[in-house]
Amino acid sequence: MVRYAGLVAAAEGVVALVVAAVLVLRGFAGADQHIVNGFGTAAWFAVMGAAVLAAGWALATGRRWGRGIAVFANLLLLPVAWYIVRSHQPVYAVAMGVVAVAVLALLFSPPAVRWASGSEH
């Protein structure tokens, strides 16, 4: 369970890093930076993406420290999914919400909680 959650979290981190790269490329291509700074947003996505990718890798390789970061990141994705619904993009919102809830369900499943508490040998 935890390993699957770790793989999905790692994939979420990769997606955030891809978004960061796209924002940087758009910035260098001349996209308007007056209203929203694409480079600053790219930096935020890069930092968060790297952290979530590292957390996912940690979970996939059996390290407990990644669980907190993965839980926090997926809890943050739930209001983002709601925002996307309000932006009239229900397909993306449902996809993001389902993935976030699935990761949270895996991380809070009884075997995962036992593993996180160190009770599982």
Side-chain angles (χ1 to χ4, degrees):
M1 297 267 183
V2 174
R3 291 188 198 282
Y4 293 129
L7 293 173
V8 175
E12 291 170 340
V14 169
V15 169
L17 292 174
V18 168
V19 169
V22 168
L23 289 171
V24 167
L25 291 174
R26 286 187 69 225
F28 284 130
D32 186 17
Q33 302 288 318
H34 290 90
I35 297 173
V36 175
N37 184 333
F39 295 113
T41 305
W44 186 88
F45 270 97
V47 169
M48 292 301 291
V52 174
L53 175 59
W57 171 81
L59 290 171
T61 57
R63 292 170 175 84
R64 288 182 180 88
W65 64 263
R67 185 171 184 265
I69 296 169
V71 167
F72 184 71
N74 283 281
L75 285 173
L76 287 177
L77 286 177
L78 294 175
V80 172
W82 176 250
Y83 173 77
I84 294 171
V85 167
R86 304 285 293 168
S87 299
H88 308 292
Q89 298 292 329
V91 173
Y92 297 120
V94 169
M96 181 180 289
V98 166
V99 169
V101 168
V103 171
L104 290 169
L106 287 170
L107 290 174
F108 285 105
S109 68
V113 172
R114 280 192 303 276
W115 172 81
S117 68
S119 303
E120 193 170 283
H121 299 282

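None of the values given here were measured: they were computed from a predicted structure. Note that these values count all heavy atoms, side chains included, but never hydrogens, waters or copies made by symmetry.
Considering OH of Tyr83 and CD of Gln89, their distance stands at 10.5 Å, rounded to 0.5 Å. Annotation: the span from Met1 atom CE to Leu107 atom CG amounts to 10.5 Å, rounded to 0.5 Å.
The shortest side-chain heavy-atom distance between Val113 and Arg67 falls under the 4.5 Å cut-off.
Between Gly13 and Val52, the closest heavy-atom pair is N-CG1, 3.8 Å. Residues Ala16 and Gly49 come closest through the heavy atom pair CB-CA, 3.5 Å. Closest approach of Phe39 and Phe28 over heavy atoms only: CZ-N, 3.7 Å. Across all non-hydrogen atoms, the minimal contact from Ala51 to Ile69 is O-CG2, 3.9 Å. Closest heavy-atom contact between Trp57 and Ala10: N-CB, 4.3 Å. What you find for Ala55 and Gly66 is that their closest heavy atoms are CB-O, 3.5 Å.
Val15 and Val98 sit in two unconnected hydrophobic clusters of ILVMFWY residues. Membership requires side-chain heavy atoms under 4.5 Å apart, directly or through other members. Under a hydrophobic clustering in which Ile, Leu, Val, Met, Phe, Trp and Tyr are joined whenever their side-chain heavy atoms come within less than 4.5 Å, directly or via other members, Val80 and Tyr92 fall into the same cluster. Leu77 and Val101 fall into different hydrophobic clusters, where Ile, Leu, Val, Met, Phe, Trp and Tyr side chains are chained together by heavy-atom contacts under 4.5 Å. Side-chain heavy atoms closer than 4.5 Å link hydrophobic residues (I, L, V, M, F, W, Y) into clusters, and following such links, possibly through other members, connects Val99 to Val71. Under the 4.5 Å side-chain heavy-atom criterion for ILVMFWY residues, no single connected hydrophobic cluster contains both Val47 and Val14.
Exactly one residue among Leu53, Val103, Leu17 makes a side chain to side chain contact (heavy atoms under 4.5 Å, CB included) with Glu12. That residue is Val103.
Judged purely by atom type and a 3.5 angstrom limit, Arg64 uses its side chain to pair as donor or acceptor with the backbone of Trp115.
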Report task. Could you please spell out the steps behind the side-chain contact (heavy atoms from CB on, under 4.5 Å) verdict for Leu78 and Leu104? Result -> CA-CA 10 Å; Leu78 294 175; Leu104 290 169; 4.0 Å; yes
